[in-house]
Amino acid sequence: IELSTDGHYLITLFSTGLKVSSLTADGITAFMQDASLDKNIADAEGLHLSIWPALEYEMMYKDAWRMLRDYFYDPSMGGLEWDRIFDRYLPLVERCSKREELDDVLRQMAGELSALHVFVYGGEYNIPNHGDPMLEAINEIASLGALLRRSTEKFGYEVIKIPETDPDFHMVDGLPMYSPLSSRTLSMSGQDGLAPGDVIVGVNGESVMSVPDINMLLRNVAGESVRLEVVRFNSTSKLQEARKLKARLLESKGEDATESVFALPEPLIVVPLDSEGNSNLWYTAWEWKTRETARHLAADAGFTLGYIHLRDMAGAPAEDAFVRGFYPDYDKEALIVDVRNNHGGNIDSWLLDVLQKRAWMYWEGRSTNITNGGLGWDEQFAFRGHLVVLVNEHTSSDGEAFARGVSELGLGKIVGRRTWGGGIWLSSDNRLVDGGIATAPEIGVYNEHIGLGLKIENMGVVPDVEVDNNPRAAFDGVDMQLERAIEVLKDWLESEPIVLPERGPYADLSLRRGVDDCSL
């Protein structure tokens with residue numbers, strides 16, 4: 001809400017328009033009574049604002065500097081002479097010719113605080129697509145959700161790997177979980193999926209060998225039906241079975257049947273993913289593979305295990321991920337919460353609340369208890385086993401706070417690598433005029449044992465057991481951090497096994513020996 005320059009009108013900008021109200025008693029009354037905000041709407045069609053970039057850059061620099069001064073959690077600014085910092089970088093602002101260069105200056109200025117939660121992003125940039133969805137779609141390359149390799153010998157692109165994900169989930173949080181080439185996806189349209197070794201020779205009628213890269217034929221087709229021409233070497237289909245039947249008939253007549261089986265490609269209708277969907281698919285496949293690996297390793301070690309991976313701590317998707325992983329396995333002997341590569345958020349307190357539940361009462365019927373499908377214990381869904389939290393150098397922000405909380409509350413052990421080191425929290429409210437921001441770490445954290453920063457800020461959480469993933473081994477699919485976590489849990493369970501407490505004897509309700517009747 002702003003006043004007009006002459007002070008006679010109240011200007012209200014909202015999501016669907018610009019409302020102008022007279023700054024009189026009648027005008028204010030009409031404004032308050034206009035609940036639907038559909039009266040006195042200004043015609044803003046074609047409205048433009050002239051901006052002098054050099055002056056706007058200087059204003060945004062001053063605003064960013066001032067808001068860092070006013071928002072930063074430490075009023076002494078870490079002992080820096082903040083006025084001198086302003087003067088140091090101001091001459092660089094005068095040389096900025098585009099918004100990206102201003103970002104560089106803001107990063108250098110804000111970086112003087114040596115705080116990990118200082119980010120510079122957003123704002124108005126001169127981008128080639130000009131924010132036009134049509135232009136963005138034209139230039140977006142869709143993905144077939146598989147690792148492909150160009151093969152001149154096979155005259156196409158050979159399928160090297162199709163990521164496999166949890167068969168229990170087709171969609172999670174609105175994103176597809178299966179590859180467009182997977183049988184789990186294609187079976188719903190009556191088709192058969194591909195397998196590693198099969199070859200894609202055409203896209204929408206064009207040979208993939210006629211262009212430098214297959215991606216050139218996949219522009220602007222995300223979410224749309226695309227016809228592939230494929231040659232199946234390792235998978236089967238109804239068409240291929242029909243061709244084999246024809247071949248057998250030809251062979252029975254003494255005719256050559258080779259061409260009828262192998263020479264002709266067959267059509268396959270798929271719906272490619274956008275870049276976000278493809279990234280999510282591969283990450284989800286890694287999650288599922290890691291969970292299955294963890295369970296197999298635990299089974300080989302002789303104990304039961306639950307495994308949860310949290311990509312971040314951001315709202316409902318993160319809560320859903322925890323719920324999907326925790327509640328089916330709350331009664332296992334051990335639990336791994338994997339926050340490697342976690343981007344942070346703000347649900348650590350909820351996770352810690354769930355993990356702090358303690359069983360104090362156990363239920364047992366005549367023939368059932370927790371071991372054979374009966375009720376378990378109270379507090380309900382309390383985890384009674386041993387907990388390990390996996391971290392690495394990309395565990396950041398609230399992922400680090402969660403790990404520190406597990407350690408401080410004595411809930412489990414930390415395994416992996418020292419974390420990112422961001423222990424001052426923020427709200428990201430200090431926006432600049434063009435919507436960009438140079439975030440200010442605003443909220444210091446501490447407890448009675450550890451000072452400000454909880455030994456996270458600029459330090460990171462140091463694991464109880466430090467182990468790194470060898471890059472070559474990780475490329476080959478070996479997760480040394482996960483394997484070490486299993487070893488830690490195995491040793492822990494050997495020294496402190498998780499068992500149900502003894503029930504004790506049933507009450508003896510018989511008459512005491514020597515008592516013949518109920519008389520006194």
Side-chain angles (χ1 to χ4, degrees), residues 99-100 103 119-150 156-166 169-182 184-186 188-189 193-194 196 198 200 202-204 206 208 211-228 230 268-290 309-312 314-318 320-321 340-345 394 396 435-436 474-475:
R99 185 64 170 80
E100 290 85 350
D103 278 356
F119 308 116
V120 175
Y121 60 89
E124 296 174 345
Y125 302 97
N126 293 320
I127 55 177
N129 293 327
H130 308 290
D132 187 328
M134 182 69 71
L135 291 176
E136 291 177 356
I138 289 172
N139 289 284
E140 182 180 38
I141 297 175
S143 172
L144 297 175
L147 179 62
L148 307 176
R149 180 174 62 198
R150 187 181 178 94
Y157 277 77
E158 182 180 359
V159 177
I160 303 302
K161 182 178 182 180
I162 297 176
E164 295 294 333
T165 60
D166 193 332
F169 294 99
H170 175 56
M171 301 281 286
V172 173
D173 299 325
L175 294 173
M177 293 293 103
Y178 302 149
S179 165
L181 304 183
S182 169
R184 291 196 181 109
T185 300
L186 295 172
M188 292 184 285
S189 58
L194 299 183
D198 293 338
I200 300 170
V203 177
N204 283 338
E206 294 189 54
V208 296
V211 292
D213 193 283
I214 191 175
N215 289 329
M216 297 183 68
L217 303 177
L218 295 173
R219 288 183 296 184
N220 195 25
V221 294
E224 299 182 3
S225 294
V226 169
R227 175 179 170 133
L228 303 180
V230 301
L268 188 68
I269 308 301
V270 302
V271 179
L273 303 171
D274 59 20
S275 57
E276 180 184 3
N278 183 57
S279 296
N280 182 69
L281 171 67
W282 284 96
Y283 199 99
T284 303
W286 174 84
E287 288 179 302
W288 185 62
K289 176 189 174 184
T290 305
H309 177 72
L310 299 176
R311 304 182 187 192
D312 56 43
D320 289 346
R340 293 177 295 180
N341 309 312
N342 186 288
H343 302 307
H394 300 299
S396 59
F475 180 82

Shortest non-hydrogen contact from R150 toward V211: NH1-O, 3.2 Å
Does a side-chain heavy-atom distance below 4.5 Å link [X] with [Y]?
X	Y	answer
I269	V226	no
M216	V203	no
V230	D198	no
L144	V270	yes
I162	Y178	no
I141	S275	no
L181	L228	yes
T185	S179	no

Results of ring pair (Phe, Tyr, Trp, His ring centres under 6.0 Å) for Y283 - residues two or more places apart only: W286, H309
Listed partners of W282 passing side chain to side chain donor-acceptor pair (under 3.5 Å), at least two apart: N278
Heavy atoms from other residues, nucleotides or ligands near CZ of R219 exceed 12 (cutoff 6.0 Å): no
